[in-house]
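Nothing fancy with the numbering, it's 1 onward along the sequence. The model shown is predicted, which means the values in this text are computed figures rather than measured ones.
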Amino acid sequence: MRLKSIFTNSFGILFSRITGLGRDVLMASTLGASIWSDMFFVAFKLPNFFRRIFAEGAFTQAFLPSFVASRHKGVFSVHIFLRFLTFLLLLSTFVSLFPEPITKLLAWGWSEQTIEATSPLTAINFWYLDLIFMVTFIATLLQYKGHFATTAMATALLNLSMITTLLLSQEASPKMVAYLLSFGVLIGGVLQLLVHLVALYKLHLHRLLIGGWKYRRRKEITQESQHFQSLFLPSILGNATPQISAFVDTLLATFLMSGSVSYLFYANRIFQLPLAIIAIATATVLFPTISKAIKHKQEAKAYQALDRAFWLLSSLLSLATIGGFFLAEPIVWLLFERQNFTQANTLQTVSVLQMYLLGLLPFGLAKLFSLFLYASHKHLKAAKISLYSLGASLSLSLLLMHPMGASGLALAGSLGGWVLLFFTIKEVGFSHLKRMMANKKGYYLLLFIVVGSLFFYWFNLLLLSYIR
């Protein structure tokens, strides 16, 4: 199952997430949960929204299987790269020219004055998308070569750039901090691109791209390009659904009390840590292996990797869920409660975090099982399943936002994760799940969850007696 690569990737992601938490701690200390923090998060959310749809999720899931199957890999790669980069440059220019209506789409509940103040931040932050696409394109080539460390560690450069910006702007006004952070985002993107270019050169993959440019008019790749397009469009839909859900949550949060956008952001940052270092790290490493195995009709090898990864993820994600749920207040207190981030802010963030954590296990396992859909070129099936999840989460968001506030939005997303897992396993085949569960590991996992819950409940009471 390539455990060494998984742990290497997990360590890199962990380092990046730790620096990300450090960044958020400084941000909470500097801006708190205020209108200026909400404004920056909204402006930064738009490029992240498109990044996760175009530059990472959909692109990687469609490009890697197509690249594996391509007969002219260099020409195919250059063709796809130029097409995407041209589109993104035009899109970024459009957003820079018309930032106010774009910002309005993210914050319907805000006043015209707040939207006008946020628009310049939106225009600056959006150029990060162009940089991160180039990073993702190179990262996908590195994945094919079995190299994951550079990409896993590179996100830390964005965080370090923003941390440096925050340290240099401690005495600045909140408005100036928001602008400097936006430029720090762009600097971080440039640094990420540079380290990926170095890795590309060291693995001699630059020769592939040079050859692709040289022979781009001599090799026929029309069929390969059309096949990629047939995979990419459903991938956009599949990857857009969780981002649309997060997008709508942000929009709905602007109708709730001030700070709600920030509570969702800070809680989601903590939630994403175990999801990334456990589930995403494992899925990233296994995707090239499963794609190659299915291409060569070695399904037994692919399902063997699934079985081992299933128990690894189930154990680690269960531990993270119960530990995070019971220790939510000490965790938020330790990371954020200082200066402008008050105890009231902590309690609001805790309730949101606990609701997010209820979706950790289903989202992690769905990430694993969906690998078989993408490796088998069943992108359209995966997109339909994502739509089921989106419909459930959006409906529940509208039902739960008023009685529960921001916590209701987080709970709705978690319930949507269970819908996603159910239909993903159904498509892959419940027979495979039954076969994996037909051993003693399931009983051990259940006992582990019960004992762990009792321990973390007691440990939380102990910590709270000191904290409060």
T346 and E337: CA distance, side-chain angles, deciding distance, side-chain hydrogen bond (donor to acceptor under 3.5 Å, both in side chains) verdict:
CA-CA 6 Å; T346 293; E337 191 178 315; 2.8 Å; yes

Could you report the tightest heavy-atom contact between [X] and [Y], atom names first, then the distance?
X: A43; Y: T118; value: CB-CG2, 4.3 Å
X: L313; Y: G364; value: CD1-O, 4.0 Å
X: G188; Y: S161; value: N-OG, 3.5 Å
X: L353; Y: A328; value: CD2-CB, 4.0 Å
X: T424; Y: S370; value: CG2-N, 3.7 Å
X: A253; Y: L264; value: CB-CD1, 3.6 Å

Specify whether F98 and F94 have parallel, tilted or perpendicular ring planes, treating 30° as the upper limit for parallel and 60° as the lower limit for perpendicular.
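Geometry flag for F94 against F98: tilted rings.
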
Report the C-alpha distance between V190 and L131 in whole Å, list the side-chain angles of each, state the deciding distance to 0.1 Å, and finish with yes or no for side chain to side chain contact (heavy atoms under 4.5 Å, CB included).
CA-CA 7 Å; V190 171; L131 296 167; 4.0 Å; yes

State, with a plain yes or no, whether a side-chain heavy atom of [X] is found less than 4.5 Å away from one of [Y].
X: F271; Y: N268; result: yes
X: P330; Y: L334; result: no
X: T342; Y: N345; result: yes
X: F126; Y: S96; result: no
X: F84; Y: F137; result: no
X: L141; Y: L209; result: yes
X: S386; Y: L420; result: yes
X: W333; Y: L463; result: no

Is the side chain of [X] donor-acceptor paired with the backbone N or O of [Y] at a distance under 3.5 Å, no angle test?
X: T19; Y: N159; value: no
X: Q354; Y: F325; value: yes
X: W418; Y: L361; value: no
X: D130; Y: L85; value: no
X: S393; Y: L390; value: yes
X: S389; Y: I385; value: no
X: S351; Y: Q348; value: yes

What's the separation between atom [atom1] in [X] and atom [atom2] in [Y], rounded to the nearest 0.5 Å?
X: L208; Y: K73; atom1: CG; atom2: NZ; value: 9.0 Å
X: Y201; Y: L205; atom1: OH; atom2: CG; value: 13.0 Å
X: L89; Y: W127; atom1: CG; atom2: CH2; value: 6.0 Å
X: Q272; Y: R269; atom1: CD; atom2: CZ; value: 8.0 Å
X: L400; Y: S407; atom1: CG; atom2: OG; value: 10.0 Å
X: L421; Y: L368; atom1: CG; atom2: CG; value: 10.0 Å

Applying side chain to side chain contact (heavy atoms under 4.5 Å, CB included) to Y263 and V350, what does each step give before you reach the verdict?
CA-CA 9 Å; Y263 299 143; V350 165; over 6 Å; no

Does atom [atom1] ([X]) have a neighbourhood of more than 12 heavy atoms from anything else shown, all under 6.0 Å?
X: H206; atom1: NE2; result: yes
X: Y179; atom1: OH; result: yes
X: K381; atom1: NZ; result: no

Would you say the side-chain atoms of [X] and [Y] include a donor-acceptor pair closer than 3.5 Å?
X: H196; Y: T151; result: yes
X: Y128; Y: Q192; result: yes
X: T103; Y: T122; result: yes

Do F76 and F63 have ring centres separated by under 6.0 Å?
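That pair passes the under 6.0 Å test.
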
Pair Y266 + F336: ring centers closer than 6.0 Å:
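Yes, the ring of Y266 comes within the 6.0 Å limit of the ring of F336, centre to centre.
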
Decide, yes or no, whether a salt bridge links E427 with K384 under the criterion of side-chain N to carboxylate O below 4.0 Å.
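So E427 does not pair with K384 through a salt bridge.
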
Is there a side chain to side chain contact (heavy atoms under 4.5 Å, CB included) between F133 and F81? Walk through the geometry before answering.
CA-CA 9 Å; F133 164 71; F81 175 77; 3.8 Å; yes

Knowing that exactly one of M176, M27, R23 qualifies, which makes a side-chain contact (heavy atoms from CB on, under 4.5 Å) with L181?
M27

Derivation of the side chain to side chain contact (heavy atoms under 4.5 Å, CB included) call for V135 and I132:
CA-CA 5 Å; V135 169; I132 210 62; 4.1 Å; yes

